[in-house]
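As C-alpha cells, the structure follows; a few thoughts come after it.
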Amino acid sequence: MKSYISIHDVSPEKLNQVKNIIPYLRQYSCKKITLLIIPGLKWSEEQLKDLRRMQKDNLEIAAHGWIHINNSPKNLYHYIHSKLFSRDCAEHLSKNKLEIIHLIQSSYKWFADNKFTPPTLYVPPAWALGKIKYSDLDKLPFNEYETMTGVYSQNKLKHIALIGFEADTLLRKYILKISNLINYKIAQLTGILRIAIHPDDLDLLLSNDINKFLSKIDKTIYLRELEK
C-alpha cells in the first residue's frame, strides 16, 4: 500500500513539535513527508531558515490556507461544520469565491517572497474548499489541491481514503476510530491511503493508533507523484 503522509498546521507556535514528529515518522517507512505550512502568521527569520532547510532536506512543503482561522460571520453550513468537525479552522467557509481566490494567491506568493521553492500543493484548512469550483482552481498557481475526498489536479479528482488522529474529546475519538477503520479498508482495496498528523496528536486519545497504522506502511509518496 502506498501512503501520503502529511503534518498539518505547521505554525510558529507548533514548529518545535513538528520538528520532533519528523524523526518519529522516520522510524517507520516514512521517507516522504509533506509539511502543511500556515504562511500568514508571525514567522521569525530563524524559523523561516528552519523551514527552508527542511525543504532542502527533501521534506515537501505545501500551503495550508493563510492564517487557518475564519473570523467571518458563519453561514448555517459553516456553523454546523464548525460544531461537528472544524471548529474555527475552516478558513475558506463563509468566504465568497473572489475572497478564496485572493487567499490562495496570497498563500502562494508568500513562499516565493520568502525564498522557498514554490510548493505545488495547496491544502485548505479542514480540507474545506468552500464556494469555489474545481474549474476555478485550474487558473490558480498550485498544481494539486487536497480536499476531504481526495486530490484535484489537471481536471481530475482522485478519491483517496483519509485517516486522522486529532481526537481531543471522547466523541471525536470514537468517530475517528470508526472512520479510520472504514477508510483503511477502502485503502486496502485501492492501494493508497492518506495519513494526516497534527502537532498534538502524539499526546491525544488516539496516539496508540498512530503507531498501528504507521507500522503498516510499505511506501510513501507525494501527491504530485500519483500518476507516476
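The first residue of the sequence shown is numbered 1, and numbering continues consecutively from there.
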Are Ile182 and Leu176 linked, directly or through other ILVMFWY residues, by side chains that come within less than 4.5 angstrom of each other?
no
Can you check whether Ser6's main-chain N or O pairs, donor with acceptor, with Thr34's side chain at less than 3.5 Å?
no
Between Thr220 and Leu25, is there a side-chain heavy-atom distance shorter than 4.5 Å?
no
Taking Glu91 for the side chain and Ile67 for the main chain, is one N or O donor matched with an acceptor at less than 3.5 Å?
yes
Look at the side chain of Asp57 and the backbone N and O of Leu59, then say whether any donor-acceptor pair between them is shorter than 3.5 Å.
no
Is a side-chain donor-acceptor pair under 3.5 Å present for Glu144 with Ser153?
no
Under 6.0 Å between the ring centres of His102 and Trp66?
no
For residues Glu166 and Asp200, determine if any side-chain heavy atom of one lies less than 4.5 Å from a side-chain heavy atom of the other.
no
Examine distances only and state if a side-chain atom of Ser29 and a backbone atom of Lys219 form a donor-acceptor pair shorter than 3.5 Å.
no
Would you say the side-chain atoms of Tyr24 and Asn211 include a donor-acceptor pair closer than 3.5 Å?
yes
Do Ile100 and Leu103 have side chains that get closer than 4.5 Å, going by heavy atoms?
no
With a 3.5 Å distance limit and no angle check, can you tell me whether Asn180 reaches the backbone of Gly164 through a side-chain donor-acceptor pair?
yes
Honestly curious: do Ile197 and Leu204 fall in one hydrophobic cluster under the side-chain, below-4.5 Å linking rule?
no
Report yes or no: is the cationic atom of Lys216 (NZ for Lys, CZ for Arg) under 6.0 Å from the centre of the six-membered ring of Phe213, at an angle within 45° of the ring normal?
yes
Counting C-beta onward and ignoring hydrogens, is there a side-chain heavy-atom pair between Val10 and Leu51 closer than 4.5 Å?
yes
Under 3.5 Å, is there a donor-acceptor pair linking the side chains of Glu146 and Tyr4?
yes
If two hydrophobic side chains count as joined below 4.5 Å and joins carry through other members, does Met1 share a cluster with Ile195?
yes
Between Arg194 (side chain) and Ile160 (backbone), is there a donor-acceptor pair under 3.5 Å?
yes
Checking His64 side chain against Val123 main chain: does a donor-acceptor pair fall under 3.5 Å?
yes
For the aromatic rings, using the six-membered ring if either is Trp, is the centroid distance between His92 and Tyr122 under 6.0 Å?
yes
Gln55 side chain vs Thr117 backbone, donor-acceptor pair below 3.5 Å
yes
Check the hydrophobic clustering (I, L, V, M, F, W, Y; side-chain heavy atoms under 4.5 Å; chains of links allowed) and say if Phe116 and Leu35 are grouped together.
yes
Going by the rule side chain to side chain contact (heavy atoms under 4.5 Å, CB included), which residues pair with Gln47 if we only count those two or more places apart in sequence or in a different chain?
Pro12, Leu15, Trp43, Ser44
Would Trp127 end up clustered with Tyr222 when hydrophobic side chains under 4.5 Å apart are linked, directly or stepwise?
no
Side-chain ion pair, Lys2 and Glu225, N-O less than 4.0 Å
no
